[in-house]
A.B. asks: 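Just dropping this structure here.
Per chain, numbering begins at 1; letters A, B, ... match sequence-line order. In what follows, every heavy atom counts, from backbone to side chain, and hydrogens, waters and symmetry copies are set aside.
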Protein chains: 2
Amino acid sequence: MTTPKKTLTSADQQLLVFKALADPIRLEIIQYLKQVEHEVACGEVGQAIQISKTSGSYHFKLLAAAQLITTHKVAREKYVSLNLATFERYVTDFYQNI
Amino acid sequence: MTTPKKTLTSADQQLLVFKALADPIRLEIIQYLKQVEHEVACGEVGQAIQISKTSGSYHFKLLAAAQLITTHKVAREKYVSLNLATFERYVTDFYQNI
DNA sequence: AATATAGTTCAAATATTTTTGAACTATTTT
DNA sequence: AAAATAGTTCAAAAATATTTGAACTATATT
């Protein structure tokens with residue numbers, strides 16, 4: 001049995017998004033994910049930007065909670081990619097939406 | 001004599017901007033500044049969103065450091081307004097610029 | 001079956017951010 | 001000149017966020 005996922009108010013998600021973006025490591029992750037061509041697993045990103053597995057796990061969790069990335073697990077590995085819809089709605093369109 | 005103002009790298013300013021946006025009080029301030037018609041002093045904003053003078057002073061300082069607001073002092077009062085150029089460059093255009 | 005690999009979880013330690021109240025400066029009003 | 005108003009500064013306290021390593025789960029390789 002899995003825990004039911006909380007639906008967030010849009011103000012709450014807006015805050016999660018900005019909090020997720022307010023960290024240099026997470027900005028590096030996002031930058032890496034934007035420029036890389038192929039599908040990437042967490043481990044590849046971690047190596048590329050030189051952080052520990054534990055640290056990676058923590059930061060990917062926050063990015064996912066903010067819905068800035070989506071993830072899908074294939075066997076041992078967790079693939080991550082940017083969720084452009086969230087960027088558009090909560091970053092690009094932030095100013096016009098408030 | 002005034003202290004020379006540090007010029008920031010754009011990565012540093014990007015981070016300051018997201019940190020400044022990563023707080024509910026500061027988002028309320030921004031919202032208020034966007035919707036209000038006339039020029040506003042810090043005190044008016046503080047009253048509108050119910051925060052203390054001290055708290056206001058702290059939050060306006062961070063917003064100004066991120067260049068999300070500009071300020072000008074007239075006698076006792078400090079007037080604040082949104083700096084749209086910063087919103088455009090570091091928020092609206094964030095994704096395309098990284 | 002044993003070992004290696006990818007990632008998570010937990011709790012403790014550390015670092016950073018935010019809040020608070022008192023004391024302060026500068027200006028305005030009485 | 002005294003009192004009031006707008007805002008700042010400082011340091012201590014409180015709250016939040018991040019880092020770290022050890023122990024863990026699940027899958028893959030030998």
Side-chain angles (χ1 to χ4, degrees), chain A residues 1-3 5 8 12-30 32-33 36 38-66 68-81, chain B residues 1-3 5 8 12-30 32-33 36 38-66 68-81:
Chain A
M1 194 201 109
T2 54
T3 44
K5 57 188 63 173
L8 295 169
D12 284 346
Q13 199 187 341
Q14 182 65 77
L15 192 56
L16 279 186
V17 165
F18 283 139
K19 279 179 186 241
L21 294 170
D23 178 272
I25 291 182
R26 292 190 294 271
L27 289 180
E28 276 196 89
I29 291 173
I30 288 167
Y32 185 82
L33 292 177
V36 81
H38 53 98
E39 271 245 291
V40 272
C42 291
E44 175 182 331
V45 184
Q47 279 190 261
I49 70 174
Q50 311 249 65
I51 57 174
S52 68
K53 284 185 328 166
T54 316
S55 170
S57 189
Y58 171 70
H59 290 292
F60 286 118
K61 183 160 65 170
L62 296 196
L63 289 168
L68 286 166
I69 59 175
T70 55
T71 66
H72 73 280
K73 209 164 191 186
V74 174
R76 275 188 311 192
E77 339 214 18
K78 189 163 116 182
Y79 289 92
V80 293
S81 50
Chain B
M1 198 200 109
T2 53
T3 47
K5 57 188 66 170
L8 296 170
D12 284 346
Q13 200 188 339
Q14 182 67 74
L15 192 57
L16 279 186
V17 165
F18 283 140
K19 280 179 186 239
L21 294 171
D23 179 272
I25 290 181
R26 291 190 295 270
L27 289 180
E28 276 196 272
I29 291 173
I30 288 166
Y32 185 81
L33 292 178
V36 80
H38 53 99
E39 272 244 289
V40 270
C42 292
E44 176 182 330
V45 184
Q47 278 189 264
I49 70 173
Q50 311 250 66
I51 57 176
S52 67
K53 284 185 329 164
T54 318
S55 171
S57 190
Y58 171 70
H59 290 292
F60 286 117
K61 182 160 67 172
L62 297 196
L63 289 168
L68 286 166
I69 59 173
T70 55
T71 66
H72 71 283
K73 210 165 189 186
V74 173
R76 275 189 312 197
E77 341 215 14
K78 188 163 117 183
Y79 288 92
V80 295
S81 50

A.B. asks: Could you state the NZ-C1' distance from B:Lys78 to D:dT9, rounded to the nearest angstrom?
C.D. replies: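 B:Lys78 atom NZ is separated from D:dT9 atom C1' by 12 Å.
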A.B. asks: For the pair made of CD in B:Glu77 and P in C:dT27, what is the distance, rounded to whole Å?
C.D. replies: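 Atom-to-atom, B:Glu77 to C:dT27, this comes out as 13 Å.
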A.B. asks: Could you give the NZ-to-C1' distance, from A:Lys53 to C:dC10, as a whole number of Å?
C.D. replies: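 Atom-to-atom, A:Lys53 to C:dC10, this comes out as 15 Å.
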A.B. asks: Taking atom P of C:dT18 as reference, at what distance in whole Å does atom NZ of B:Lys61 sit?
C.D. replies: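 Rounded to whole Å, this separation is 12 Å.
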A.B. asks: Choose from C:dG7, D:dG7, C:dG21 the nucleotide whose nearest atom is closest to any side-chain atom of B:Thr54.
C.D. replies: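 Nearest to the side chain of B:Thr54 among the choices is C:dG21.
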A.B. asks: Between C:dA6 atom C1' and A:Glu39 atom CD, what is the distance in whole Å?
C.D. replies: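 To the nearest whole Å, that distance equals 16 Å.
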A.B. asks: Just wondering, do A:Leu68 and A:Arg26 contact through their side chains at under 4.5 Å, heavy atoms?
C.D. replies: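 Counting from C-beta outward, A:Arg26 and A:Leu68 never come under 4.5 Å.
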A.B. asks: In whole Å, I'd like the distance from the CD atom of A:Gln47 to the C1' atom of C:dG7.
C.D. replies: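 Computing the A:Gln47:CD to C:dG7:C1' distance gives 13 Å.
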A.B. asks: What is the distance from OH of A:Tyr58 to P of C:dT9, rounded to the nearest Å?
C.D. replies: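 Taking atom P of C:dT9 as the reference, OH of A:Tyr58 is at 14 Å.
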A.B. asks: Send over the distance from A:Lys19 NZ to D:dT18 C1', rounded to a whole Å.
C.D. replies: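 A:Lys19 atom NZ is separated from D:dT18 atom C1' by 13 Å.
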A.B. asks: Which listed nucleotide (D:dT18, D:dG7, C:dT18) is nearest to the side chain of A:Asp23?
C.D. replies: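 So the nucleotide nearest the side chain must be D:dT18.
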A.B. asks: C:dT17, OP1 or OP2 - any side-chain N/O from B:His59 closer than 4.0 Å?
C.D. replies: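 Answer is no, no contact under 4.0 Å.
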A.B. asks: Which of these nucleotides, D:dT18, D:dT27, C:dT27, is closest to any side-chain atom of A:Arg76?
C.D. replies: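 Side chain of A:Arg76 sits closest to D:dT27.
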